[in-house]
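None of these values were measured; they are calculated from a predicted model.
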Amino acid sequence: MIKLILVTLAVYLGMKFLVPMALPFFIALVLARFLYPLANWLEKKQNIRKTTSRFLTYGVFLVGIGCIAAGLIYLCYRMGSSCLENLQELMETADRIFCTCCDQLEQITGFGTEEIQRTVSQGAGNLTEGAVKYSKDAGWYMAGLLAKVFVTFIAVFLVLNEYENIINGMQKTQIGKRVMDMLRGMKTASGAYIRAQLKIMGIVTAVCIGGLFLLGVDHAFWIGLGVGFCDALPFIGTGTIFVPWALIEILLGEYLRAAGFIAIYFACSFLRQMLEPKLVGKGLGVPPLAVLMSIYIGVQLYGGAGVIFGPVSALIIWEVYQFL
């Protein structure tokens, strides 16, 4: 019991403080593991020198990352262009919705429309001031993130060059062999976790698309697809979209549509809470209750990232405890 408590404390402190610092190098090791077969194939089958093969493999990696980045930039450009082309219509629609909401609030609360608009404008001004106040912190955060990305890219090339030496060095010691076994187990568990999340995201996306289509929402497919993707993110979820949307529909007097949005939100939340422990537990070969406990405790300890860190911490604790 003392060993288990100490291992749990060590894993928690490691995940909380050490993992953020070592994350770029861990990601580099994972990426190098995926790139190594290509480099090895170039060396063994094409008789290319090691240095040249590693440069070519790293070049393919950079080209792939560049293509993905270019695709995302192009997608943002098209979305921004579409918004600019329809900016006047969007502004008129937003103004109409705002005025309608103010009229509904006047009927409900008894406050005048002008007073409500003045209060909302004052709140928007305070929000803008707060955004400007914290923009410096956001800038430093982005600078730190870019620095981590740069370090990760450099580390990928360095790890790829020394991949055989790193693996051979780890296999020469008992602890290194155990770490390799843990990494293999984490690889299997990560694959099972990702497959489970993709299945859940597909089901939630189908529910969102079907519900929005039944409610007669324009562009139901694309909106449902975006909401389904947001549901897979730990910090967002479907409630971030559907709850404010339902409140706006209530203020607009569209009570049936608001009830529909709330129903979709509850259906998606229920499906995720029911399917996640079952599918993840089935893929990992552990009871669903244990998966649910690891996710819940992880969220309490790590915040939104605990959806991922919780099961990973539980897996590391079990592997280290077995080793001891």
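- Atom NZ of K50 and atom CG of N40 lie 10.5 Å apart (nearest 0.5 Å).
- For the atom pair OH of Y12 and CZ of F17, the computed distance is 6.0 Å after rounding to the nearest 0.5 Å.
- Evaluation of the ring-ring contact (aromatic ring centres under 6.0 Å, His included) rule for Y163 yields Y36 as partners, not counting sequence neighbours.
- Between T205 and G224, the shortest heavy-atom distance links the atoms CG2-O, 3.8 Å.
- Taken together through direct or relayed side-chain contacts under 4.5 Å among Ile, Leu, Val, Met, Phe, Trp and Tyr, F213 and L215 form parts of separate hydrophobic clusters.
- What you find for R272 and I200 is that their closest heavy atoms are NH2-CG2, 3.5 Å.
- Two residues are said to be in side-chain contact when any heavy atoms from C-beta on lie closer than 4.5 Å; I241 and F261 fail this criterion.
- A distance of 12.0 Å separates CD1 of I262 from CH2 of W245, quoted to the nearest 0.5 Å.
- Enclosure of atom CZ in F242 by more than 12 non-hydrogen atoms of other residues, nucleotides or ligands within 6.0 angstrom is indicated.
- One distance of note links OG of S53 with NZ of K44; it measures 10.0 Å at 0.5 Å rounding.
- Considering CD1 of I223 and CG of L212, their distance stands at 6.5 Å, rounded to 0.5 Å.
- Within the 3.5 Å criterion, the main-chain N or O of K148 finds a donor-acceptor partner in the side chain of T152.
- Looking at heavy atoms from C-beta onward, Y58 lies in side-chain contact with F153 at the 4.5 angstrom threshold.
- Cluster membership check: L13 shares its hydrophobic cluster with V11, using side-chain heavy-atom separations under 4.5 Å among Ile, Leu, Val, Met, Phe, Trp and Tyr.
- Under 4.0 Å is where a charged nitrogen must lie from a carboxylate oxygen, and between E43 and R54 at least one such pair does.
- Relative ring orientation between F157 and F55 is described as tilted, the plane-to-plane angle lying within the 30° to 60° band.
- Between F25 and L29 there is no side-chain heavy-atom pair separated by less than 4.5 Å.
- Connection of L62 to I48 is not established within any shared hydrophobic cluster, with ILVMFWY side chains joined at heavy-atom distances below 4.5 Å, either directly or through further cluster members.
- Between L42 and L56, some side-chain heavy-atom pair lies under the 4.5 Å cut-off.
- Hydrophobic clustering (ILVMFWY, side-chain heavy atoms < 4.5 Å, transitive): V207 and L214 are in distinct clusters.
- Hydrophobic cluster membership is shared by I27 and L160, with clusters built from Ile, Leu, Val, Met, Phe, Trp and Tyr side chains linked at under 4.5 angstrom.
- Between L198 and M201 there is a side-chain heavy-atom pair separated by less than 4.5 Å.
- Once rounded to the nearest 0.5 Å, the distance linking CG of L9 with CG of L4 reads 11.5 Å.
- Taking a 6.0 Å sphere around CZ of R33, one finds it holds 12 or fewer heavy atoms contributed by other residues, nucleotides or ligands.
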